[in-house]
Amino acid sequence: MGKTAKTGSQNSTPERVALLETPPPAPPQAFPIIGIGASAGGLEALEQFLRHVPEDSGMAFVIVQHLDPTHRGIMPELLQRATGMVVEQVKDNMAVQPNCVYVIPPNKDLSLLRGTLHLFEPATPRGLRLPIDFFFRSLAEDQRERSVGVILSGMGSDGTLGLRAIKESAGVALVQEPTSAKFDGMPRSAIDAGLADIVAPPEELYERLVAYFGHAPSTAQLPAALNDKDQRGLDKIVILLRTHTGHDFSLYKKNTLYRRIERRMGLHQIDRIAHYVRYLQENAQERDLLFKELLIGVTGFFRDPAAWAQLRDQVIPMLLASRPDGGQLRAWAAGCSTGEEAYSLGIAFKEALVELSPVRPFSLQIFATDLDRDAIDKARQGVYPENIAADVSPERLHRFFIHEERGYRIGKESREMVTLATQNLIMDPPFTKLDLLICRNLLIYLTSDLQKKLLPLFHYSLNPGGVLFLGSAETVGSASGLFVPLKGKGRFYQRKESATRVEPVEFPTAFLPPPNSHPVASATESEASLQALDAVLLREFCPAAVLTNEQGDILYIKVRTGQYLEPSAGQVNWNLYAMARDELEARLASKTQEQEETQVALQTERAKRESEAGPDQRDGGEP
């Protein structure tokens, strides 16, 4: 999951759904540009690294180190002793050349655009500056899948968020082995965040990098259709992942899948996809790593600040105004990754309440879900590195976070608003009766067929007047009959009430609404295959049923239970009694007791009654 296009036009045709690719960036340099971040103890590590780089490597190296802003920069002279390459301090608007080393000057931020280095005055006070993150992010945006970030010795966590940006762009992250570093804070932060592709002592990193580039994926556009061998290999990898993790990636875009697989092959110097299939079969750890690779979370606090400002200043006030009597609003952050967007929503809601000072009390319940169990565990901990200060203002840090040794912990006020749970958006029941649904930078990874199924489901999940919040590169596309866009810079869409559905609502089999609340499956579904026809028959004509243990924990759900069961607010609880709708709860307890006392007679009577009833009578009967 959630693992990006950055911009897009809203003028999509009805046939295009929820995906607008970014305009192609300037082509990457013909030679690799390697970003290197270091801090305390970094000089020794940099010298060890550069001594093993030949003068004609064909690469360029840009070094960003924490330097005393009051001292003259002598780093180029010190590093020149370790390498035969030209080492120079960066000047503004300097074009990058191969076989050169560029060093950031003191008291500057550094960025890259179309292979040219640009200097900026720091926008944050000393002590809060994160120059490595700043440069790595621009490197990722400029070089995309060819971006390379290296983290060496240093204290703190600068570079971790920058490496995340590089990984989001399908670049590669190298980290110094912490035991070889004088100060292991920066390397450990990157490793603990799950971002390190290669971990090695500094003297071995260049050799590992050369091996990676020797097998790295091509930057050329993938062909429209894979050859038979590659397609078979891709299918086998999807099967292996499904067997190992229980999650089906066949509905992810083929381009995304193949790029991520190619990257893993490059890290292991594997040239053929068939060989990688064999490697996956023999290596459970690699299956786990590939699964994580496909779920790189595109997230961050207040990602796309203008959109979050619109949410706080326009969308939330609009939702509050629709409820003059106050009460609780419900929101769902689908594909929440490590929780930043869910907590950002809670913060924006609290800020909006302060600004509006409503007469009636309001609260917000946020359901935050993701496919990645490890990401949800991190979200539950609510601890983030100090470099979130690049995205979170000092005022917000002071009010909504607690500063700890490991970084910043989300405050209790915000934490109590959020209920976190693992969930498969495609297969598991959706949350309903929502005022706000956030699903950002996830749809762009899914096939258009799956997007066509999810958008009507989102419409169904929202209350009248509810709002869907998408990523900057996403639109509702052919589901425009279900939503109306709100004015502003963000991708906000309000649910339409007189909606003509372009596609039927296709609910997960574990959740189906009451009869007449969704259209009957179309003829094209029935004609697709015998398997699809079987699914339609099960969905439309078989009675609802659940299989539980003695405690009522649900082990299996047969179709059409939405009339009787729904997810309860709070921690997800797959228990029959917890999920029973209010009007059924008392009857269910009575029936259960009766069944325990007269088990055989009750089952026999039920079976007889069903055999005598027609399909219309059975459909919609008691579960």
Side-chain angles (χ1 to χ4, degrees), residues 1-3 145 148 163-164 166-180 187 190-201 204-219 222-223 225-297 370-378 422 424 426-427 445:
M1 91 273 10
K3 332 330 63 311
E145 63 269 16
V148 179
L163 282 187
R164 180 178 290 278
I166 287 174
K167 293 292 292 291
E168 289 170 6
S169 298
V172 65
L174 293 82
V175 178
Q176 180 176 357
E177 166 59 51
T179 58
S180 71
I191 293 170
D192 291 345
L195 300 172
D197 294 307
I198 296 171
V199 179
E204 297 179 14
L205 287 174
Y206 173 74
E207 181 181 352
R208 300 287 295 274
L209 183 60
V210 170
Y212 169 75
F213 276 127
H215 299 80
S218 168
T219 58
L222 286 178
L226 299 175
N227 62 48
D228 289 342
K229 287 186 179 180
D230 286 347
Q231 182 60 59
R232 289 198 300 270
L234 190 63
D235 291 342
K236 290 177 180 178
I237 290 172
V238 168
I239 292 170
L240 289 172
L241 286 175
R242 186 180 63 189
T243 302
H244 185 67
T245 69
H247 301 299
D248 186 1
F249 286 93
S250 63
L251 296 175
Y252 276 52
K253 285 184 178 173
K254 189 178 298 184
N255 188 296
T256 299
L257 279 174
Y258 199 77
R259 285 289 186 204
R260 299 290 180 177
I261 291 168
E262 274 192 319
R263 214 185 71 84
R264 294 302 306 172
M265 291 169 60
L267 290 170
H268 295 293
Q269 292 93 61
I270 297 175
D271 293 316
R272 297 183 181 180
I273 194 168
H275 294 168
Y276 185 66
V277 170
R278 183 63 179 268
Y279 184 69
L280 276 180
Q281 286 179 286
E282 299 171 349
N283 193 324
Q285 183 181 20
E286 179 62 19
R287 295 197 292 273
D288 289 331
L289 291 172
L290 178 59
F291 177 65
K292 295 293 184 185
E293 182 80 21
L294 297 172
L295 298 180
I296 287 296
D370 197 271
L371 183 62
D372 187 348
R373 187 177 300 277
D374 291 339
I376 288 295
D377 288 341
K378 290 181 180 179
T422 54
N424 186 323
I426 302 168
M427 301 299 296
Y445 296 107

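Computed from heavy atoms alone, side chains included, the values below leave out hydrogens, waters and symmetry copies. What you see is a predicted model; the values in this text were computed from it and never measured.
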Between Ala173 and Leu195, which heavy-atom pair has the shortest distance, and what is it?
CB-O, 3.2 Å
To the nearest 0.5 Å, what is the distance between CG (Asp370) and CG (Asp377)?
11.0 Å
Nearest 0.5 Å please: distance from the CZ atom of Phe291 over to the CG atom of Asp374.
8.5 Å
Mind checking what makes side-chain contact (heavy atoms from CB on, under 4.5 Å) contact with Val277, not counting sequence neighbours?
Lys236, Ile237, Leu240, Gln281
Could you name each residue pair satisfying salt bridge (Lys or Arg N to Asp or Glu O under 4.0 Å) that touches residues 274-289, not counting sequence neighbours?
Arg264-Glu286, Arg278-Glu282
Testing the basics here: between Leu280 and Leu290, what is the closest heavy-atom pair and its distance to 0.1 Å?
CD1-CD2, 3.9 Å
Listed by chain and number, what are the salt bridge (Lys or Arg N to Asp or Glu O under 4.0 Å) partners of Asp248, not counting sequence neighbours?
none
Looking only at non-hydrogen atoms, find the nearest pair between Gly194 and Lys378 and report the distance.
N-NZ, 4.4 Å
Let me confirm one number: the CG-CD distance from Leu267 to Glu262, rounded to the nearest 0.5 Å.
12.0 Å
Rounded to the nearest 0.5 Å, what's the gap from CZ on Phe249 to CZ on Arg260? Could you check?
11.5 Å
Leu294 side, atom CG; Thr245 side, atom OG1 - distance, nearest 0.5 Å
9.5 Å
Flag the pair Glu293 / Lys167 as yes when at least one side-chain heavy-atom distance between them is below 4.5 Å, and no otherwise.
yes
Rounded to the nearest 0.5 Å, the CG atom of Leu234 sits from the CD1 atom of Ile239 at a distance of 10.0 Å
Start with the C-alpha distance between Asp372 and Lys292, add both sets of side-chain angles, then the distance that settles side-chain contact (heavy atoms from CB on, under 4.5 Å), and finish with yes or no.
CA-CA 8 Å; Asp372 187 348; Lys292 295 293 184 185; 2.6 Å; yes
Taking every non-hydrogen atom, the tightest pair across Ser250 and Val238:
N-CG1, 3.8 Å
Evaluate the side-chain proximity of Leu174 to Tyr212: yes if any heavy-atom separation is below 4.5 Å, no if none is.
no
Closest approach of Arg208 to Val199 (non-hydrogen atoms, all atoms of both residues)
NH1-O, 4.2 Å
Taking only residues two or more places apart in sequence, or in another chain, which ones meet Asp235 in a side-chain contact (heavy atoms from CB on, under 4.5 Å)?
Gln231
Are Val172 and Arg263 packed together at the side-chain level, in the sense that at least one heavy-atom pair is separated by less than 4.5 angstrom?
yes
Show the nearest heavy-atom pair for residues Ile270 and His275, with the distance to one decimal.
CG2-CB, 3.8 Å
Partner set under side-chain contact (heavy atoms from CB on, under 4.5 Å) for Ser180, not counting sequence neighbours:
Gln176, Glu177, Pro201, Pro202
Mind checking side-chain contact (heavy atoms from CB on, under 4.5 Å) for Asp192 and listing every partner two or more places apart, or none if nothing turns up?
Arg188
